[in-house]
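Each ligand, and each atom within it, is numbered from 1 in the order the structure gives. Along the sequence shown, the residues carry numbers beginning at 1.
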Amino acid sequence: MAYTLPPLPYATNALEPHIDTMTMEIHHGRHHKTYVDNLNKALENQPALAAKPIEQLIREINQVPESIRQAVINNGGGHLNHTMFWEIMGPGGGGKPSGPLADDIAATFGDFGQFQAQLKQAGLGRFGSGWAWLVLAGGKLQIISTANQDNPSMTGQVPILGVDVWEHAYYLKYQNKRADYLDAWWNVVNWAKVAERYSRAKAGTL
Ligand code: MN
């Protein structure tokens, strides 16, 4: 069956003033939709692959024929990355995580502020388009960045949280100031969702 664009879990103006309404409309309604459409196009003659949940399709990217693999990485990765991105943000977000996620962030990075600084650095250091991530790798938290729409699961890492640093994610409001966007982004993080992803990642069900 064809992949479909999931509805935004909140209104397009819900993340104002940190992420503006027009950016959300274009980002979800056009960019994400195009990834979904082009993924379906790439898998037109691959019903078995197209039947996989998107997480599984990307995790098992090596099972995709080489002739369409890059198209699936770009568009399937784009679909998966953005589906997560909408879920881990929300109105009334921000603050800090609590529970095991907070404890493990502190144990791994020193404290929450150092974690934030490192994620920001990963986003700033990604030249061109990509994502900065908090992943579970070999049972440990780690910060990485990926190019384009590559998803960490393609290399065996489990994405807990990711921030889109493509210009389309911030340019209308922040122009070339990626650092300002990354600072503002913390205000819209839904830590309850991120904590839920962390607990599922540790249980091996994410
Ligand atoms: Mn994007």
Side-chain angles (χ1 to χ4, degrees), residues 3-43 53-55 57-59 61 70-91 93-94 119-135 143-155 157-190 193-194 197 206:
Y3 294 95
T4 54
L5 178 68
L8 265 187
Y10 36 79
T12 51
N13 66 359
L15 305 183
E16 291 271 10
H18 311 291
I19 301 184
D20 61 287
T21 305
M22 186 176 286
T23 293
M24 289 300 290
E25 284 173 357
I26 295 173
H27 200 174
H28 176 260
R30 299 196 214 162
H31 289 281
H32 190 172
K33 180 176 190 300
T34 302
Y35 295 126
V36 172
D37 291 347
N38 287 337
L39 174 62
N40 287 329
K41 220 170 285 174
L43 294 178
I54 187 63
E55 293 84 357
L57 177 71
I58 296 302
R59 195 170 55 236
I61 194 65
Q70 194 59 50
V72 172
I73 290 172
N74 294 345
N75 296 291
H79 176 34
L80 177 58
N81 294 346
H82 288 86
T83 300
M84 171 216 66
F85 192 50
W86 313 134
E87 279 176 3
I88 62 161
M89 299 190 292
L119 191 81
K120 179 180 179 181
Q121 207 44 54
L124 287 176
R126 169 52 54 188
F127 183 77
S129 297
W131 292 72
W133 304 92
L134 174 68
V135 300
I143 288 171
I144 63 163
S145 78
T146 58
N148 302 316
Q149 296 297 355
D150 291 4
N151 184 278
S153 69
M154 299 190 316
T155 51
Q157 300 164 315
V158 187
I160 309 298
L161 163 158
V163 56
D164 190 345
V165 298
W166 283 58
E167 284 186 345
H168 69 223
Y170 62 86
Y171 206 86
L172 291 180
K173 184 176 172 73
Y174 297 95
Q175 296 83 47
N176 62 325
K177 293 169 284 189
R178 188 185 285 185
D180 290 1
Y181 157 70
L182 286 168
D183 287 339
W185 185 72
W186 297 113
N187 293 302
V188 297
V189 176
N190 179 342
K193 266 281 179 234
V194 177
R197 289 180 62 85
L206 184 65

Find the distance between NZ (K33) and CD1 (I26) and round it off to the nearest 0.5 Å. 15.0 Å
Let's go through W86 and H32 carefully: what are the C-alpha distance in whole Å and the side-chain angles of both, what is the deciding distance for side-chain hydrogen bond (donor to acceptor under 3.5 Å, both in side chains) to 0.1 Å, and is it a yes or a no? CA-CA 11 Å; W86 313 134; H32 190 172; 2.9 Å; yes
Is the count of non-hydrogen atoms from other residues, nucleotides or ligands lying under 6.0 Å from K173 atom NZ greater than 12? yes
Side-chain heavy-atom pair Y35, L80 within 4.5 angstrom cut-off: no
Enumerate the protein N/O/S atoms at a distance below 2.8 Å from the Mn ion (ligand 1), ignoring waters. H27 NE2, H82 NE2, D164 OD2, H168 NE2
Partner residues of D20 under the salt bridge (charged side-chain N to carboxylate O under 4.0 Å, His left out) criterion, sequence neighbours left out: none
Quick one: are N40 and V36 in side-chain contact, heavy atoms under 4.5 Å? yes
